[in-house]
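Notes to accompany the following structure.
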2 protein chains.
Amino acid sequence: MTTPTMQSVERVFEVVEVLWREDGAGPAAVAEALDVHRSTAHGYLRSLEAVGYAVNDGGTYELSYRFLDMGTRLQYRNRVFQAAREEISRLSRETEELPTLVVEEAGSAVILHQRPGANALELGTYSGMRTPLHTTASGKTILAHMPAERVDAILDGGLERVTERTVTDPDRLRKRLATVREDGHAVDVDQQVVGMGTVAVPLHPDDDHVASLAIACPSERIRNESYQDELLGALKESRNRVSIKYQYGR
Amino acid sequence: MTTPTMQSVERVFEVVEVLWREDGAGPAAVAEALDVHRSTAHGYLRSLEAVGYAVNDGGTYELSYRFLDMGTRLQYRNRVFQAAREEISRLSRETEELPTLVVEEAGSAVILHQRPGANALELGTYSGMRTPLHTTASGKTILAHMPAERVDAILDGGLERVTERTVTDPDRLRKRLATVREDGHAVDVDQQVVGMGTVAVPLHPDDDHVASLAIACPSERIRNESYQDELLGALKESRNRVSIKYQYGR
DNA sequence: GCGTTCGTTTCCTATTACCAAACGAGTCTG
DNA sequence: CAGACTCGTTTGGTAATAGGAAACGAACGC
């Protein structure tokens with residue numbers, strides 16, 4: 001923990017961040033953002049280009065789709081993703097909503113995959129997007145099935161508030177998680193985004209991995225209880241199929 | 001061109017490559033792969049973790065989904081993608097095949113998006129995947145609509161052979177491109193992958209960008225001419241809609 | 001049980017990343 | 001139209017930093 005991190009590595013990813021923010025930039029802009037000399041910034045940009053993570057378009061450098069390449073390869077390599085892919089397609093066709101697969105990484109929720117159906121909400125969500133675990137229905141089902149000591153470690157990090165309905169009190173959250181465990185699912189309405197409701201079930205294919213399968217849809221549709229039950233039924237059926245597929249390989 | 005690239009930047013992305021190949025590794029494995037001292041490898045791993053692009057799971061480090069995050073954000077930022085997204089969903093539902101959006105980057109074809117339909121082929125393709133431009137129907141439609149000097153520059157780089165049917169002779173390729181320009185589309189059967197056929201149309205929303213909209217399906221289906229025409233018609237209709245959407249904003 | 005290998009930390013120094021200066025090309029301005 | 005900027009890029013000298021050696025504790029295998 002006391003070992004310092006490498007300046008050049010931190011900086012090159014700061015450059016990546018700047019290239020993202022500015023949607024492409026030259027040495028001058030990067031130099032100003034990092035507070036270094038122009039020639040230094042130039043070195044980073046040239047190196048990023050050499051390794052293929054940036055492209056030089058006549059003096060201004062842009063991030064390349066190598067990020068998409070590597071990211072998608074990581075996504076495809078994930079065994080939960082492989083097991084869930086087809087089922088998510090099916091859910092997308094049959095419910096016409098927005099089925100989503102969420103996993104946990106470094107104490108955050110990560111959307112590993114989603115496939116909008118014909119009637120799906122247009123949210124700002126995307127594969128790879130991170131959210132705190134305690135602010136979404138999926139995250140709560142994941143927390144609810146994680147070892148207690150890991151939950152404690154995450155809660156100790158503080159519970160960020162994202163909307164006025166975010167549960168920020170650790171004890172209230174723990175009670176909520178107990179309820180999720182009993183119910184076997186979690187439902188959020190207008191929690192993360194106003195107008196959106198989510199129903200989520202845990203996906204617990206083995207002792208090491210906890211994930212969540214969820215469907216997001218407009219709040220008004222999810223308030224209809226029979227529709228909510230319908231979605232829940234579809235989710236649980238899919239979840240069971242995914243678990244089986246996961247355990248017995250492809 | 002004479003300016004040397006930064007060793008530490010090249011190395012950190014070598015580490016990324018090793019972490020990908022080994023599906024997670026510790027300092028010892030990375031040190032051996034890069035031929036550096038264990039403590040050096042450790043520094044890179046710690047730094048990658050600090051910037052969020054790797055996660056430390058009890059001594060072995062794995063690449064994180066930050067790559068997916070950044071990659072997908074780049075994908076969503078692309079205006080051609082934004083304009084084509086809905087149409088690709090529609091094509092996926094209506095044809096039940098594999099509609100694909102391809103763009104050019106640094107002289108290569110990059111799959112920017114694809115959405116398998118209910119009957120789609122299961123290929124090894126994925127968003128972010130790169131191929132040479134001259135080996136796919138999409139790539140050829142892109143080449144066919146690129147400025148001649150850029151085509152020359154790319155052809156000068158050599159035409160890699162990927163199957164026995166790859167066009168590797170520059171002059172034959174140029175003739176083929178002329179045909180593609182005349183026809184307004186390109187069709188490949190068993191070229192890239194045996195058993196797969198692709199029909200592609202150019203997507204040329206403005207003077208700076210050339211992309212391609214394509215549908216991949218089993219060879220036997222595409223050999224049926226009326227089916228091929230059906231796909232082509234759907235593609236061209238979608239292409240026109242995407243062009244309009246691109247020009248008149250979202 | 002010992003030996004090995006691992007991740008990790010500390011310290012030293014030699015490498016390397018950084019800055020300064022300068023060049024040529026392009027753009028804006030007076 | 002000309003001058004003065006700013007830009008990307010290259011060069012070389014130097015000081016900060018990345019890399020190597022050694023050592024610690026823990027985990028594993030023999």
Side-chain angles (χ1 to χ4, degrees), chain A residues 1-64 105-106 149 153 207-208, chain B residues 1-64 105-106 149 153 207-208:
Chain A
M1 273 305 173
T2 59
T3 309
T5 64
M6 292 172 63
Q7 187 187 71
S8 53
V9 174
E10 291 210 322
R11 281 197 172 162
V12 73
F13 283 97
E14 281 180 58
V15 173
V16 167
E17 210 53 48
V18 171
L19 290 185
W20 162 252
R21 273 207 315 272
E22 307 289 328
D23 199 5
V30 172
E32 197 190 5
L34 300 205
D35 197 32
V36 297
H37 197 272
R38 269 214 323 281
S39 61
T40 305
H42 178 72
Y44 281 101
L45 291 170
R46 260 197 62 75
S47 305
L48 270 177
E49 186 193 4
V51 296
Y53 280 83
V55 290
N56 181 348
D57 181 27
T60 82
Y61 294 77
E62 299 181 9
L63 295 179
S64 97
E105 182 180 78
E149 69 268 20
D207 288 347
D208 285 346
Chain B
M1 271 305 176
T2 60
T3 310
T5 63
M6 292 173 63
Q7 187 187 73
S8 53
V9 174
E10 291 210 323
R11 282 196 172 160
V12 73
F13 283 97
E14 281 180 57
V15 172
V16 167
E17 209 53 47
V18 171
L19 291 185
W20 162 252
R21 273 207 314 272
E22 308 289 327
D23 199 5
V30 172
E32 197 190 4
L34 300 205
D35 196 32
V36 295
H37 197 271
R38 271 214 322 282
S39 62
T40 304
H42 179 71
Y44 280 100
L45 291 170
R46 260 198 62 74
S47 304
L48 269 176
E49 186 194 6
V51 296
Y53 280 83
V55 292
N56 181 349
D57 181 27
T60 83
Y61 294 75
E62 298 180 10
L63 294 179
S64 97
E105 183 181 77
E149 69 268 18
D207 289 346
D208 286 347

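Lettering follows sequence order; numbering is per chain, from 1. As a basis for the values below, the full set of heavy atoms in this structure was taken, side chains included, without hydrogen atoms, waters or symmetry mates.
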Counting only side-chain heavy atoms from C-beta out, which of [options] sits nearest to [X]?
X        : options                  : value
His37(A) : dT16(C), dT9(D), dC19(C) : dC19(C)
Ala28(B) : dG19(D), dC6(C), dT9(D)  : dC6(C)
Thr40(A) : dT10(D), dT9(D), dC19(C) : dC19(C)

Interatomic distance, [X] [atom1] vs [N] [atom2] [rounded to whole Å]:
X        : N       : atom1 : atom2 : value
Leu48(B) : dA18(D) : CG    : P     : 13 Å
Arg11(A) : dT16(C) : CZ    : P     : 18 Å
Glu49(B) : dG7(C)  : CD    : P     : 14 Å
Leu34(A) : dA17(C) : CG    : C1'   : 14 Å
Glu22(A) : dC7(D)  : CD    : P     : 13 Å
Arg46(B) : dT17(D) : CZ    : P     : 17 Å
Met6(A)  : dT16(C) : CE    : P     : 11 Å
Asp57(B) : dC6(C)  : CG    : P     : 18 Å

Can you give me the closest heavy-atom contact between [X] and [Y], atom names plus distance?
X        : Y        : answer
Leu19(A) : Tyr61(A) : CD2-O, 3.4 Å
Gly24(A) : Glu62(A) : CA-CG, 3.9 Å
Ala41(B) : Val30(B) : CB-CG1, 3.7 Å

Please tell me which of Thr5(A) and Thr60(A) maps to the more 5' nucleotide of DNA chain D, matching each residue to the nucleotide holding its nearest heavy atom.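 Its nearest nucleotide being more 5', the pick is Thr60(A).
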Quick one: is [N] close enough that its OP1 or OP2 comes under 4.0 Å of any side-chain N or O from [X]?
X        : N       : answer
Tyr61(A) : dC7(D)  : no
His42(A) : dT9(D)  : yes
Arg38(B) : dA22(D) : no
Gln7(A)  : dT16(C) : no

Pick base, sugar-phosphate or nothing for Asn56(A), based on heavy-atom distances below 4.0 Å to the nucleic acid.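 Sugar-phosphate, no base atom in range.
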Quick one, Arg11(A) and Val36(A) - any side-chain contact, counting heavy atoms below 4.5 Å?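 Arg11(A) reaches Val36(A) side chain to side chain.
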Is any side-chain heavy atom of Asn56(A) closer than 4.5 Å to one of Leu45(A)?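 No; the side chains remain at least 4.5 Å from each other.
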Which residue lies more 5' along DNA chain C, comparing Ala29(B) with Tyr44(B) via nearest heavy atoms: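 Taking each residue's closest nucleotide, the earlier one in sequence belongs to Ala29(B).
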Ignoring hydrogens and angles, are the base of dA20(C) and the side chain of Ser39(A) linked by a donor-acceptor pair under 3.5 Å?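 Per atom types, the contact qualifies.
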